[in-house]
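Sequence lines set the chain letters: A, B, ... in the order given, protein chains first and strands last, and positions in each chain run from 1.
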Amino acid sequence: MYEFFIEPLTYGFMARGLLVTLIAALVCALLSCWLVLMGWSLMGDAISHAVLPGVALAYILGAPFALGALVAALLAVTLIGAVSRQGRVKEDAAIGIVFTVMFALGLVLISVTPSQTDLHSIILGNVLGVSWADVAQIAALAAVVISLLLVKRRDLVLYAFDPGYTQAIGLRPALLSGLLLLALALTSVLALQIVGVVLVVALLVIPGSTARLLTDRFTSMLVISSAVSVTGAVTGFYLSYALDISAGGAVVLVLGFLFALAYLLAPGQGLISRKKKERTGA
Amino acid sequence: MTQTHTSQPLLAAQNLRVNYGEVQALTGASLTLKAGEICGLVGMNGSGKSTLFKAIMGVVPASGQVSIAGLAPAAARRQGLVSYVPQKEEIDFSFPLSVRDLVSQGRYGKLGITRRLRADDRQAVDQALARVGLTDLADRQIGQLSGGQRKRAFVARGLAQEAQLILLDEPFAGVDKSSENMLISLFKELRDAGAGILISTHDLANLADLADRAALLRQTILMEGPPRQVLAPENLVRAFGMDPLASPTRED
């Protein structure tokens, strides 16, 4: 046991890797609950990809990644809004166009940058490459996002559930949706260092969806989502060490496995219990 | 509920226009509602009933003027004067929310930044639940209620809010008879306590009994007045080119 779980952590890079994996998994898990309830999975996919040119530019200019990501996320949302308002292009197409083009711009920016190693780790993640400075930055971002989400959690739930009523009682739906976008952009920056831009959406969608299958209470959903995400992240982290496989890939595979378990076995909602109900005619 | 200035209407909407792309949903609708009055809003599928509600609440951008209790709409909303019961198609009933959570949302406008309920808020929520007969079902997830109970839960949210202007979009659709009766007597109680209630409905048969006034909508208010007069068959035929009572109608 010691050999498998603790010994690797005596290497500084492993300890740092595990720490940021835990932090990112937790933040993604919380945000995931709202994204899933809002039907924002595609938006999560889009924003997490669209931050790439911002992050690349920030890298080139020596600015903080989070700042670059925020600007890029804002630009992506503005462009998506502008394209879908045109009328004939529906929102899902607008999202598809904007995020892939921005992602492509990110790839091009990376290809013209002399030092490509660090930027490649942005695309595929490099959890073992984080420095203590990165850990500090990730922890700070995580603290901001978690505080935002928990302080405004009731408003965000109301907004996800009934935006019309949210407006009627004088709260500001536009502000709340902006808040979620901000959380999404910051979370993307934080999570991409673990699993990379390409797989961030898995951390943003799978934990919340899994929890959705297992509970009818929002508070339990936050807890279950966090448990699923942290379990998946830590298991994947150790598997990647033990089997010498991609850490991001391993984390997402474990999350997928946990979702499949819930999908099949969830009481009441799972495939097996639904088939049983059909058979007994209940 | 405090009555505002008696001379000024609770709701005054003037010349509301809303376009969705090239579709004109409202083309200059005007409507007033006094405190202590129930107004039935009648129109066919696509006549703009939901859009009119959304324009009053400021959810969709509209040109024209809205004033609520003499205030600009945004100020009235911030004061918690406006409540809204959406039609059932707009709600995801598998949402992880209990009946009590739902009714508690009625208090949010009065609460601090985290919307944590205080003792008097919890009391208001309990009272609202009791008034709609859902005390025993308060901890159920909302999807586990019947159609009528669901609607009562949303009305309880408006009760907990203590709003003056209550907008109800198709409150009787998919509702059983006993819930319908309970809702009707609740609406009358609220009206008698001074609230102004605007109800969109297909349920023309009961409207004369429920509403003090009716308005016919087809992209604009074609006619308004006493329900029996407005809903006379010749008016309905003139307004819609058909008699809605004689044919099955669909929902918006």
Side-chain angles (χ1 to χ4, degrees), chain A residues 32-34 36-40 84-91 147-177 179 208-225 266 268-269 274, chain B residues 19-23 50 53-54 56-60 68 73-87 90-98 101-102 104-117 139-144 154 157-158 160-161 163 165-167 169:
Chain A
S32 173
C33 293
W34 281 281
V36 166
L37 289 173
M38 302 269 307
W40 270 24
S84 55
R85 255 195 307 281
Q86 191 272 343
R88 291 206 181 165
V89 179
K90 290 194 178 154
E91 196 183 28
S147 324
L148 274 181
L149 291 177
L150 292 185
V151 166
K152 296 312 278 176
R153 74 193 177 102
R154 292 190 178 88
D155 282 6
L156 291 170
V157 168
L158 172 59
Y159 172 55
F161 175 66
D162 190 350
Y165 185 74
T166 311
Q167 168 89 7
I169 62 170
L171 308 187
R172 297 196 199 138
L175 203 72
L176 293 170
S177 109
L179 197 73
S209 301
T210 309
R212 188 89 168 82
L213 292 174
L214 297 172
T215 179
D216 272 340
R217 288 280 182 272
F218 186 74
T219 310
S220 333
M221 197 173 154
L222 291 175
V223 174
I224 295 173
S225 179
Q269 291 301 311
R274 272 186 288 145
Chain B
N19 297 329
Y20 296 123
E22 287 157 20
V23 181
S50 296
F53 281 165
K54 287 178 178 161
I56 292 170
M57 292 188 298
V59 173
V60 296
I68 297 166
R77 290 195 298 269
R78 276 198 300 275
Q79 290 191 15
L81 301 184
V82 187
S83 193
Y84 169 61
V85 175
Q87 51 177 321
E90 291 189 21
I91 294 299
D92 169 12
F93 281 98
S94 70
F95 202 96
L97 200 71
S98 71
D101 293 337
L102 172 66
S104 301
Q105 291 172 348
R107 306 297 291 180
Y108 282 12
K110 307 180 201 304
L111 298 175
I113 188 162
T114 67
R115 318 291 177 202
R116 176 184 281 279
L117 266 63
D139 292 322
R140 292 256 184 108
Q141 190 266 335
I142 50 168
Q144 296 168 351
F154 276 91
R157 179 172 71 173
Q161 187 191 338
L165 173 63
I166 304 172
L167 309 171
D169 201 352

Using non-hydrogen atoms only, which part of [X] is less than 4.5 Å away from chain A: side chain, backbone, both, or neither?
{"X": "B:Phe154", "value": "side chain"}
{"X": "B:Ile56", "value": "neither"}
{"X": "B:Gln144", "value": "side chain"}
{"X": "B:Ile142", "value": "side chain"}
{"X": "B:Ser104", "value": "neither"}

Exactly one of A:Val157, A:Leu37, A:Thr215 should register a side-chain contact (heavy atoms from CB on, under 4.5 Å) with B:Pro96. Which one does?
A:Leu37
Give a yes or no answer on whether the side chain of B:Lys54 reaches the backbone of A:Gly164 with a donor-acceptor pair at less than 3.5 Å.
no
Could you check whether any side-chain N or O of B:Gln105 sits under 3.5 Å from a backbone N or O of A:Leu158, counting only pairs where one atom can act as donor and the other as acceptor?
no
Calculate, to the nearest 0.5 Å, the distance between atoms CZ and OG1 belonging to A:Arg153 and B:Thr114 respectively.
8.5 Å
Quick one: pull up CG in B:Leu97 and CZ in A:Phe218 and give me the separation to the nearest 0.5 Å.
10.0 Å
Is it true that atom CZ of A:Arg172 has more than 12 heavy atoms of other residues, nucleotides or ligands lying nearer than 6.0 Å?
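No, the 6.0 Å shell around CZ holds no more than 12 heavy atoms from other groups.
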Near B:Glu90 CD, under 6.0 Å, is it more than 12 heavy atoms from other residues, nucleotides or ligands?
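Yes, because the 6.0 Å sphere around CD of B:Glu90 holds more than 12 heavy atoms from other groups.
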A:Ala160 portion near chain B, given a 4.5 angstrom heavy-atom threshold:
both
Walk me through whether B:Gln161 and A:Tyr165 qualify under side chain to side chain donor-acceptor pair (under 3.5 Å).
CA-CA 11 Å; B:Gln161 187 191 338; A:Tyr165 185 74; 2.8 Å; yes
Side chain to side chain contact (heavy atoms under 4.5 Å, CB included) between A:Ile169 and B:Arg77, intermediate numbers included
CA-CA 5 Å; A:Ile169 62 170; B:Arg77 290 195 298 269; over 6 Å; no
Does B:Asp92 come within less than 4.0 Å of A:Arg212, counting only side-chain N to carboxylate O?
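Salt bridge flag = yes for A:Arg212 with B:Asp92.
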Looking at B:Arg157 and A:Asp162, is there a salt bridge between them, counting it only when a charged N and a carboxylate O are closer than 4.0 Å?
yes
Residue selection (most heavy-atom pairs with chain A, distance under 4.5 Å) from [options]:
{"options": "B:Gly109, B:Pro86, B:Ser83, B:Ser94", "value": "B:Ser94"}
{"options": "B:Val59, B:Leu111, B:Leu102, B:Asp101", "value": "B:Val59"}
{"options": "B:Leu167, B:Ile91, B:Val85", "value": "B:Ile91"}

Test side chain to side chain contact (heavy atoms under 4.5 Å, CB included) applied to B:Tyr108 and A:Thr166, step by step:
CA-CA 9 Å; B:Tyr108 282 12; A:Thr166 311; over 6 Å; no
Please name the pair of heavy atoms, one in A:Arg154 and one in B:Arg115, separated by the smallest distance, quoted to 0.1 Å.
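Result for this residue pair: CD-O, 3.2 Å.
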Pick whichever of A:Leu150, A:Leu171, A:Thr219, A:Asp216 has the most heavy-atom pairs under 4.5 Å with chain B.
A:Asp216
